[in-house]
Protein chains: 2
Amino acid sequence: MKKGKKDKEGECEVLCINERKVASARKAMKSDATLFKLAEVFKVLGDPTRMKIVSALLQEELCVCDLTALIGASQSAVSHQLRVLRNMGLVKYRKDGRIAYYSLDDDHISSILTAGLKHVEE
Amino acid sequence: MKKGKKDKEGECEVLCINERKVASARKAMKSDATLFKLAEVFKVLGDPTRMKIVSALLQEELCVCDLTALIGASQSAVSHQLRVLRNMGLVKYRKDGRIAYYSLDDDHISSILTAGLKHVEE
DNA sequence: CCAATATATGAATATTTGATCATATATTAG
DNA sequence: CTAATATATGATCAAATATTCATATATTGG
């Protein structure tokens, strides 16, 4: 006997809720919008190709060409992923003639990676 | 006249490589395996539902039930995502009777989120 | 034991996404 | 101008993934 199909958000099957803890947690949490953006940033860093790109750019600016050689992906793939990184504000570039030099656009990126590495390398 | 279909990794179309910079960057970079794991961690954090779960657990441990109420997803969805977080070593849980209390499994997670927030909230 | 509750999980599905291919744009050399 | 080079991008497609549904497992109260 199916339980009435959830009025809205699946709240009618759940009875063990500690209202106090939930309210307290909800209050302490960042807004949904902020958490969504945060997840977006991590999603962008959550792909091996993009991670390699970002990691390479930690050292110095590089052109698409160098990145392509460095990470072993096609020029098209690198270009597509650079756009994703650009759209998320993680990298920027300058054009010198027909060469595009990419670099990190945000000082925080290095700290994000460092924090992540502590989990990975523990 | 197509250029011979890439011998292996798309290196034959690319002529502007700065060998010195590439070698230097390659040397400074973490290993592919490390970067892959790092990307995996970020990918796990890169989903709104999981981000909400992790964010809620920053405050205190919560049961599946509370998480379900808190983040507005179905119990099944929360459970599935908790497994992903568990497999990645980001959360742990203790069982008290039929209730499972989840908490963060790693001190670094909070610093990862904090670093990410600095980018989002700038 | 039995019914109810809390959580977990397999299967199916719809969506997202990353790579490739083909091609477009832009810049420079000659 | 023309050919070549560096990069960008649209379309397509296969793989990955998040959710839902149905159901299984486990624990507790009565």
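Judged by atom type and distance alone, A:Arg98 does not reach the base of D:dT7 through any side-chain donor-acceptor pair under 3.5 Å. At a cut-off of 3.5 angstrom, counting only N and O atoms as typed in the model, there is a donor on one side and an acceptor on the other between the side-chain of B:His80 and the base of D:dT20. Side-chain N/O atoms of B:Gln75 and base N/O atoms of C:dA6 include no donor-acceptor pair closer than 3.5 Å.
The residue among A:Arg50 and A:Ser76 whose nearest nucleotide of DNA chain C lies closer to the 5′ end is A:Arg50. Nearest-nucleotide positions on DNA chain C place B:Ala100 closer to the 5' end than the other of A:Gly97 and B:Ala100.
Within 4.0 Å of B:Ala77, counting heavy atoms only, lies at least one base atom of the nucleic acid. When heavy atoms are screened at a 4.0 angstrom cut-off, A:Tyr102 is found touching the sugar-phosphate backbone but no base atom.
The shortest side-chain heavy-atom distance between B:Ser55 and A:Leu35 falls under the 4.5 Å cut-off. Counting only heavy atoms from C-beta outward, the side chains of A:Met88 and A:Glu40 approach each other to under 4.5 Å.
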Exercise for the section: Could you check B:Asp32 against A:Lys52 for salt bridge (charged side-chain N to carboxylate O under 4.0 Å, His left out), going step by step and ending with a plain yes or no? Expected result: CA-CA 8 Å; B:Asp32 268 30; A:Lys52 286 185 197 171; 3.3 Å; yes
Exercise for the section: Begin from the C-alpha positions of A:Lys30 and B:Glu121 and carry the test salt bridge (charged side-chain N to carboxylate O under 4.0 Å, His left out) through to its verdict. Expected result: CA-CA 11 Å; A:Lys30 297 282 176 182; B:Glu121 289 177 333; 3.3 Å; yes
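Of the candidates C:dT7, D:dT9, C:dT9, the closest approach to any side-chain atom of B:Arg86 belongs to C:dT9.
Atom NZ of A:Lys95 is separated from atom P of D:dA8 by 6 Å (rounded to the nearest Å). Rounded to an integer number of Å, the gap from CD1 of B:Ile99 to C1' of D:dT27 is 10 Å. Between the CE atom of A:Met88 and the C1' atom of C:dG18 there is a distance of 15 Å, given to the nearest Å. With rounding to whole Å, B:Asn18 atom CG is found 15 Å from D:dA6 atom C1'. One atom, CG of A:Leu85, and another, C1' of D:dA8, lie 15 Å apart when rounded to the nearest Å. To the nearest angstrom, P of C:dA19 lies 14 Å from CZ of A:Arg83. One can place CG of B:Asn87 at 12 Å from P of C:dA8, the figure rounded to the nearest angstrom. Rounding to whole angstrom units, CG of residue B:Leu82 and P of C:dT7 are separated by 10 Å.
A:Cys63 has its SG atom 2.5 Å or further from the SG atom of B:Cys16.
Look at A:Ser74 and you'll find a side-chain N or O under 4.0 angstrom from OP1 or OP2 of C:dT20. The side chain of B:Lys43 places no N or O atom within less than 4.0 Å of a non-bridging phosphate oxygen (OP1 or OP2) of C:dT17. For the pair A:Thr49 and C:dA19, the criterion of a side-chain N or O lying under 4.0 Å from OP1 or OP2 is met.
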